[in-house]
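Working notes, beginning with the structure itself.
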Amino acid sequence: MSNIVRVLKHTTHHPSLLRYLSADATLSPTPPEPTPRPPTPPNNPTLTTQIVTILQSNDNDWANNDELRRLLFSDDSLSPPPSLYKITRDLGTTAKALKFFDYVRSHSPSPPDPPSLSSAFEAIFEIASREQPNSPSNLFKLFTDFKEHNIALTPSSATHLIRCFGRAGMVDKSLLVYKEIDPDSRNTHVRNLLLDFLLRGGLVDDAFQVLDEMLVTETVSPPNENTMDIVMAALLWRDRSGRRVSEEEIVELVSKFGIHGVFPSPVRLTQLITKLCRSGKSSSLAWNLLHNVIDSGGDVQAPSCNALLTGLGRHQQFQKMNQLLAEMKEKGIRPDVITFGIIVNHLCKFRRVDEALEVFEKMSGGSENDVFSVTPDTILYNTVIDGLCKVGRQEKGLALMEQMRLQCAPNTVTYNCLIDGFCKASEIERASELFDQMNKEGVSPNVITLNTLVDGMCKHGRISSAMEFFYEMQGKGLKGNAVTYTALISAFCNANNIEKAMQLFTEMSKEECSPDAIVYYTLIAGLTQAGRLNDASFVASEMKKAGFCLDVPSYNILIGGFCRKNKLDKAYEMLAEMERAGMKPDGVTYNTLISYFSKSGDFTTAHRVMRKMISEGLVPTVVTYGALIHAYCLVGNLDEAMRIYRDMSSSSRVPPNTVIYNILIDALCKNGKVEIALSLMDDMKDKGVRPNTTTFNAMLKGLQEINSLEKAFELMNKMTEQACNPDYVTMEILTGWLSSAGETEKLRSFVQGYEVSASTA
DNA sequence: TTAGGGTTAG
């Protein structure tokens, strides 16, 4: 090696080239993509073979071989010159190749031309990496020896070296090789290769420098589709070290590519848009990206638009959704079944089911040649059916399932949507019939089917049917999950059957179905509601043991529960615990405490808590004032209650609602101030606050006390007019009062009015 | 494309 280094040190670029060693094609500026072949200079195969044969057989005596000298160096302009690249390559070993290089350098009658030497070295690099494929450091040594002698790297050598070093994870060495290449010869292929390694290695800044050179308007190496794909793949799946590339930069980059007529593939564009929509607070970057590609003439297809539509929908940018759909039509971007799915789903989510049906009918209504005609699939049918069921139009949903059969078969989801629709409409029988029907049809129910029916039964007072159904399904191999248990536990808590709820909770773990946070929350709430704070605390500690956290609402439930039990110390314990867990009390927490202190008659502390609430940046709400007003009413301080009410009304920051009026009217009536109560009802009318049954009950009770029949009749008429249903309290007041006053006829027609309105409703 | 829970004033 030292010998060759010495020889090479004396090698200089020489203007007068030996014709027979020249190889003009060696430095072809832009080899074809994707893999540039080694340059193939015009050569004489017979001559090359002859030379190699001599070199191989007279291993030790090249210097004195005249034949070799003649074949290599004679100037015969009629035949093509021998190729140094091919000869070197055919020598097979690095040692021989280097020795030959040395020989040429010292025996050539005049200095060999640089391109030929470059091509010879290209062959040496190839042999070296074949000989020692796992020794990139040896290759690097060869490269450093070589570059000391100012021989230009051929593009193939450079590509080869960059690839070898890059694959070995020596990206910095790849970069060194790249810097050795004459800038005018750094073609697109070499740059793409380096770019890929730099990005994979997380050298984002170096990568961007290479990329920037490609993206300038005047460049010998413009970006191509590969460049785009390398950059996009790296940016999309980037999770490595290295500088974070902002989303603005990504969009800017794509537009720079666009100037060179290079666009992301439809798949990449869709991935990019999805990413931009998911991460940002708005979809504006994704919007700009898509429009940039459309405007510069890139290939934009429905999936990319679908991604943006989804993002716009998530950010509730409805106008933009419409605008994009109009643009798709205008630009001839054909919507697919997913596009229609997004539109229909979106309309359904906002309960605009008639419009969803309209779109649905229009999309398939066109003739077969219509470019916008798309056949709906099962998912689309299911979306519409679910939309109909969610607004209580399950009969129409059922009809749609029959229509659906002409195009595609209903599946489990179809039935689940309909079963839920009928359950929510209290038609449990119909829901069960659908369940039987699906079984007959061979559509298998899944755990969602089970849960929908169990919940439907539970919510309509059929807990034992629900349990029976659950166990029956379990016997058939359809296991429940946390959702099933939530429905049942919640139902048993509401039915005040705490033992059964706890039993189910214990049963869960036996069934290898561990409770999730919602099961714990449900149980804590149920136990607190039942006044079983010790059990609730126990479940809370079990929950924490299982690795779940209590959240602010569940702390509020417990704090409220302890307050109702008059266990302020326990409430404070919870408060301290939630703050230790890093949770701040919210408005509900403060309202709970304000309500507790004011109801205990400690108005000083109540007001202090309220000041603290305000200083924490929380705003007292109608509930806060309601708690105070209620407590002042309870202690008979109606003046203070009315003062707060007037304060609320005048500042109108917190307009009083029906509950506030109900508290005041009830208290005023109970204190014999029926006239003021009546005037509050007028205030309600003026302010557009609707009275409800409780309002009328309180007022009627007050009127009964002063036996003001005429006023009572007026109110009864108002109730009927406003379709405000009387309840058992109303009937209790009126029955006794009106019968003793001989007004049974009035009572009868009042009740009848509701029977009529109930039947027409 | 389908299923579950809990909080404060009357």
Side-chain angles (χ1 to χ4, degrees), chain A residues 338 341-342 344-345 348-349 376-387 389-390 411-421 423-424 445-456 458-459 480-491 493-494 515-529 536 550-561 563-564 585-596 598-599 620-634 644 656-667 692-695 697-698:
Chain A
I338 310 280
I342 294 166
V344 166
N345 189 25
C348 287
K349 284 264 155 59
D377 59 2
T378 305
I379 293 180
L380 199 50
Y381 267 108
N382 290 347
T383 307
V384 179
I385 289 171
D386 185 51
C389 288
K390 289 249 156 55
N411 61 13
T412 308
V413 176
T414 322
Y415 274 101
N416 288 349
C417 294
L418 286 165
I419 289 172
D420 191 48
C423 281
K424 295 264 153 64
N446 60 14
V447 69
I448 297 182
T449 324
L450 168 70
N451 293 340
T452 306
L453 271 164
V454 166
D455 191 55
C458 285
K459 292 237 164 68
N481 60 15
V483 178
T484 329
Y485 283 98
T486 303
L488 292 165
I489 288 172
S490 174
C493 285
N494 286 329
D516 64 6
I518 293 182
V519 174
Y520 284 106
Y521 293 151
T522 307
L523 201 52
I524 290 170
L527 292 168
T528 306
Q529 177 76 28
L550 273 91
D551 58 1
V552 176
S554 36
Y555 277 114
N556 288 342
I557 288 168
L558 288 165
I559 291 168
C563 283
R564 275 192 297 279
D586 67 358
V588 175
T589 325
Y590 281 103
N591 289 343
T592 305
L593 294 169
I594 290 165
S595 170
Y596 168 78
S598 49
K599 265 202 203 112
T621 63
V622 68
V623 178
T624 322
Y625 293 113
L628 287 168
I629 289 174
H630 186 216
Y632 280 118
C633 286
L634 285 175
I644 297 173
N657 62 10
T658 307
V659 177
I660 298 289
Y661 282 105
N662 291 352
I663 297 167
L664 286 168
I665 288 168
D666 185 58
N692 60 19
T693 309
T694 313
T695 327
N697 289 348

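Remember, it's a predicted structure, so these values are computed and weren't measured experimentally. Every chain is numbered from 1 and lettered A, B, ... according to where its sequence line falls, protein lines coming before strand lines.
A:I379 comes within contact range of at least one nucleobase, with a heavy-atom separation under 4.0 Å. Within the 4.0 angstrom heavy-atom criterion, no nucleotide atom of any strand lies near A:D666. Within 4.0 Å of A:A517, counting heavy atoms only, lies no atom of the nucleic acid at all. Counting non-hydrogen atoms under 4.0 angstrom, A:S554 reaches a base of the nucleic acid. In this structure, A:D516 reaches the bases: a heavy-atom distance under 4.0 Å links it to at least one base atom across the strands shown. When heavy atoms are screened at a 4.0 angstrom cut-off, A:T694 is found touching base atoms of the nucleic acid. Using a 4.0 Å heavy-atom criterion, one finds that A:V552 contacts no nucleic acid atom at all. The residue A:N692 sits close to a base: some heavy atom pair falls under 4.0 Å. In this structure, A:V519 reaches the bases: a heavy-atom distance under 4.0 Å links it to at least one base atom across the strands shown. Residue contacts for A:N657: at a heavy-atom cut-off of 4.0 Å it reaches a base atom on one of the strands shown. A:T486 comes within 4.0 angstrom of a base, heavy atoms only. Nucleic acid contact for A:K349: none, since no nucleic acid atom lies under 4.0 Å from a heavy atom of the residue.
Considering every non-hydrogen atom in both A:Y625 and A:I660, the closest pair reads C-CD1, 4.4 Å.
For A:I448, whose side chain is taken as the heavy atoms from C-beta onward, the closest listed nucleotide among B:dT8, B:dA9, B:dA3 is B:dA3. Nearest to the side-chain atoms of A:C417 among the listed nucleotides B:dG6, B:dT2, B:dG4 stands B:dT2. Side-chain atoms of A:N556 lie closest to B:dT7 of the nucleotides B:dA9, B:dA3, B:dT7. Distances were taken from every side-chain heavy atom of A:V413 (C-beta onward) to each of B:dG4, B:dT1, B:dG6; the shortest belongs to B:dT1. Set against B:dG10, B:dT8, B:dG4, the side chain of A:V483 has B:dG4 as its closest nucleotide. The side chain of A:P553 lies closest to B:dT7, out of B:dG10, B:dT7, B:dA9. Considering only side-chain atoms of A:A627, the nucleotide from B:dA9, B:dT1, B:dG6 that sits closest is B:dA9.
Note: CG (A:L634) to P (B:dA9) measures 12 Å, nearest angstrom. In this structure, A:L488 atom CG and B:dG4 atom P are separated by 14 Å, rounded to whole Å. One interatomic measurement links the two molecules: OH of A:Y485 to P of B:dA3, which rounds to 21 Å at whole-angstrom precision. A straight line from CD1 of A:I385 to C1' of B:dA3 spans 17 Å, rounded to a whole angstrom. B:dT2 atom C1' lies 8 Å from atom CG of A:N446, rounded to whole Å. Residue A:L380 contributes atom CG, which lies 13 Å from atom P of B:dT2 at whole-angstrom precision. Nucleotide B:dT7 holds its P atom 13 Å from the CG atom of A:L527, rounded to whole Å. For the pair A:Y590 OH and B:dT8 C1', the interatomic distance rounds to 14 Å; values are reported in whole Å.
Between B:dG10 and A:K599, a contact under 4.0 Å exists linking OP1 or OP2 to a side-chain N or O. Here A:K424 does not reach the OP1 or OP2 of B:dT2: none of its side-chain N or O atoms lies under 4.0 Å away.
The base of B:dA3 sits with one of its N or O atoms less than 3.5 Å from a complementary donor or acceptor on the side chain of A:N481.
Judged as a ring-ring contact (aromatic ring centres under 6.0 Å, His included), and not counting sequence neighbours, A:Y596 has no contacts. In this structure A:C389 satisfies the side chain to side chain contact (heavy atoms under 4.5 Å, CB included) test together with A:I385, A:Q394, A:L418, sequence neighbours excluded.
Looking only at distances, no side-chain donor or acceptor of A:D420 sits under 3.5 Å from a matching main-chain atom of A:N416. Panel note: side chain A:D666, backbone A:N662; no donor-acceptor pair is recorded below 3.5 Å.
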Open item on the list: Working note: A:K390 + A:K424, criterion side chain to side chain contact (heavy atoms under 4.5 Å, CB included); need CA distance, chi angles, decisive distance, verdict.
Closed with: CA-CA 8 Å; A:K390 289 249 156 55; A:K424 295 264 153 64; 5.8 Å; no
TODO: Might you work through the side chain to side chain contact (heavy atoms under 4.5 Å, CB included) test for A:V483 and A:D455, ending with a clear yes or no?
DONE: CA-CA 9 Å; A:V483 178; A:D455 191 55; over 6 Å; no
